[in-house]
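Within every chain, numbering begins at 1; the chains are lettered A, B, ... in the order of the sequence lines, protein sequences first and strands thereafter. Computation of the quantities below employed the complete heavy-atom set of this structure, encompassing side-chain atoms and omitting hydrogens, waters and symmetry-equivalent molecules.
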There are 2 protein chains.
Amino acid sequence: MKVTELAKEFGTTPDTVRYYTRLKLLNPTKSENGYKYYPPTEISRLKFILSARQLGFSVSDIQHIVDEASLGKAACPLVRSLIKERLAETEKQFQAMLALRKNMKDALAQWEVKEDKAPTSTMVCHLIDSFEPTENNGGSHE
Amino acid sequence: MKVTELAKEFGTTPDTVRYYTRLKLLNPTKSENGYKYYPPTEISRLKFILSARQLGFSVSDIQHIVDEASLGKAACPLVRSLIKERLAETEKQFQAMLALRKNMKDALAQWEVKEDKAPTSTMVCHLIDSFEPTENNGGSHE
DNA sequence: GCTTGACCTGTGTCTAACACACAGGTCTAA
DNA sequence: TTAGACCTGTGTGTTAGACACAGGTCAAGC
């Protein structure tokens, strides 16, 4: 399979396939015309990489997992360990995003009823300066 | 105020202050010893920048807002417009993260009851290969 | 006065996962 | 032949900082 064929097969981009090839996560052979040719092993390897990416493993994680497997070892313990780390990170980001999203919504609501004000030498934008997060207690804000 | 003093005042890092200075978002004067000195206007400017960052405006957004204000115009319409864009993006990311988080949790649960398996020529890790997102219908998975 | 640790400077590079750019080559239908 | 789609290898850009480096300044302590 050629680059674009492979990318289409899995709903990703040729650049992504080339990127993984560049990282040596994929190892195509070469056609007579110099084009990269991905045999079945590389096709299933890409499937694996994309699944892992979708599960939140970093490219570096995946490289690590693949290296482990190339030694003939079961990568399962490593995979379980890594997913826990990635999940913990995702949880942190999720909480941060929850807070951010709420603040943005609050700001939007507050700013809709505030008037415009011209800037001064010490004030760029009074909307941003005056923003106050609303309290969470018993509110129906969300 | 010097770099580190200013950073401490607002709970950020000296590198962040230097970064914004580098971008010309902050414009310190120079002390006799060559150190950057941030007068009150720049102190309130940093406060503004950090508030805007916390509300999800990009550094580029903030530059745009500051440029508008420097023309003497009220940046309020721009700020309202930008927050809507950033909120829409954040909402998309939030949904993606919801899905990712759920998949990661599902995977973790599934993989805890699966046995380890050695890799083969076409299989790096059966855990990742065999992952199936659970259905949402009436489940108590979350 | 010297030493040492903390802080300073300007400038450059790195991070992560791609996306894009470029100069030039190949393929194929019209 | 032409034109559009695709290919190559290599390099750079994206975002918001964090880090690195060589060298300078400050001030407390000895």
Side-chain angles (χ1 to χ4, degrees), chain A residues 1-38 42 45-46 48-66 82 85-86 89-90 92-93 96-97 100, chain B residues 1-38 42 45-46 48-66 82 85-86 89-90 92-93 96-97 100:
Chain A
M1 253 195 192
K2 285 181 297 190
V3 174
T4 303
E5 292 169 355
L6 188 56
K8 276 179 183 157
E9 178 76 26
F10 292 113
T12 188
T13 68
D15 272 331
T16 299
V17 174
R18 290 193 186 105
Y19 175 63
Y20 295 148
T21 304
R22 218 165 162 167
L23 296 185
K24 302 272 192 301
L25 275 175
L26 291 173
N27 300 278
T29 55
K30 280 295 180 68
S31 302
E32 290 187 353
N33 56 11
Y35 285 13
K36 296 180 178 63
Y37 180 76
Y38 296 83
E42 297 309 302
R45 173 63 64 84
L46 179 62
F48 171 78
I49 293 167
L50 294 174
S51 296
R53 286 290 302 126
Q54 191 159 34
L55 279 168
F57 291 97
S58 69
V59 171
S60 177
D61 290 339
I62 294 166
Q63 184 64 264
H64 194 183
I65 292 164
V66 166
L82 288 172
E85 287 178 40
R86 297 299 156 262
E89 287 165 15
T90 301
K92 278 176 76 178
Q93 284 170 37
M97 191 171 286
L100 174 62
Chain B
M1 252 194 189
K2 286 180 297 188
V3 173
T4 301
E5 292 169 356
L6 188 56
K8 276 179 182 157
E9 178 77 26
F10 291 112
T12 189
T13 68
D15 272 332
T16 299
V17 174
R18 292 194 186 105
Y19 175 64
Y20 295 148
T21 303
R22 216 165 164 167
L23 296 186
K24 303 273 191 302
L25 275 176
L26 291 173
N27 299 280
T29 55
K30 279 294 179 69
S31 303
E32 289 186 355
N33 57 11
Y35 285 11
K36 295 179 176 65
Y37 180 76
Y38 295 83
E42 297 308 302
R45 172 64 63 85
L46 179 62
F48 171 77
I49 293 166
L50 294 173
S51 296
R53 287 291 302 122
Q54 190 159 35
L55 280 169
F57 292 97
S58 69
V59 171
S60 177
D61 288 341
I62 294 165
Q63 185 64 266
H64 192 182
I65 292 163
V66 165
L82 288 172
E85 286 178 42
R86 296 299 156 262
E89 286 166 14
T90 300
K92 278 176 77 177
Q93 285 170 35
M97 190 171 287
L100 174 61

Enquirer: In residues 50-65 of chain B, which ones come under 4.0 Å of DNA chain C, going by heavy atoms?
Expert: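 Nucleic-acid contacts, sorted: none.
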Enquirer: Does C:dC8 have OP1 or OP2 sitting under 4.0 Å from an N or O in the side chain of B:Arg18?
Expert: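 Result: yes.
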Enquirer: Ignoring backbone atoms, establish whether B:Thr4 has a side-chain N or O less than 4.0 Å from OP1 or OP2 of C:dA6.
Expert: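 No, because none of the side-chain N or O atoms of B:Thr4 sits under 4.0 Å from OP1 or OP2 of C:dA6.
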Enquirer: Quiz question: by atom type and distance under 3.5 Å, do the side chains of B:Tyr38 and B:Thr21 form a donor-acceptor pair?
Expert: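 A pair is found: one side chain offers a donor N or O, the other an acceptor, under 3.5 Å apart.
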Enquirer: Salt bridge or not between A:Glu42 and A:Arg45? Use side-chain N to carboxylate O under 4.0 Å.
Expert: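 Salt bridge flag = no for A:Arg45 with A:Glu42.
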Enquirer: Distance check needed: C:dA17 P versus A:Glu89 CD, whole Å only.
Expert: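 About 11 Å, once rounded to whole Å.
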Enquirer: Would you tell me if any nitrogen or oxygen in the side chain of A:Lys36 comes within less than 4.0 Å of OP1 or OP2 on D:dG9?
Expert: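 A:Lys36 to D:dG9 OP1/OP2: side-chain N or O found under 4.0 Å.
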Enquirer: If only side-chain N and O atoms of B:Thr16 are considered, is one of them under 4.0 Å from the OP1 or OP2 phosphate oxygen of D:dA18?
Expert: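 For D:dA18, OP1 or OP2 has a side-chain N or O of B:Thr16 closer than 4.0 Å.
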Enquirer: Rounded to the nearest Å, what distance is computed from the CD atom of residue B:Glu5 to the C1' atom of nucleotide D:dA27?
Expert: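 Distance, rounded to whole Å: 14 Å.
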Enquirer: Base contacts versus sugar-phosphate-only contacts with protein, heavy atoms under 4.0 Å: please encode nucleotides 23-30 of chain C as B, S and - from 5' to 3'.
Expert: --BBS---
Enquirer: Are any non-hydrogen side-chain atoms of A:Phe10 and A:Val17 less than 4.5 angstrom apart?
Expert: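 They are not in contact (no side-chain heavy atoms under 4.5 Å apart), so the answer is no.
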Enquirer: Among residues 19-32 of chain A, which ones have heavy-atom contacts with DNA chain D below 4.0 Å?
Expert: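 Within this stretch, A:Arg22, A:Lys30 sit under 4.0 Å of the strand.
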Enquirer: Between the main-chain N or O of A:Tyr37 and the side-chain N or O of A:Thr29, is there a donor-acceptor pair closer than 3.5 Å?
Expert: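 Indeed, once roles are kept as given, a pair shorter than 3.5 Å links the two residues.
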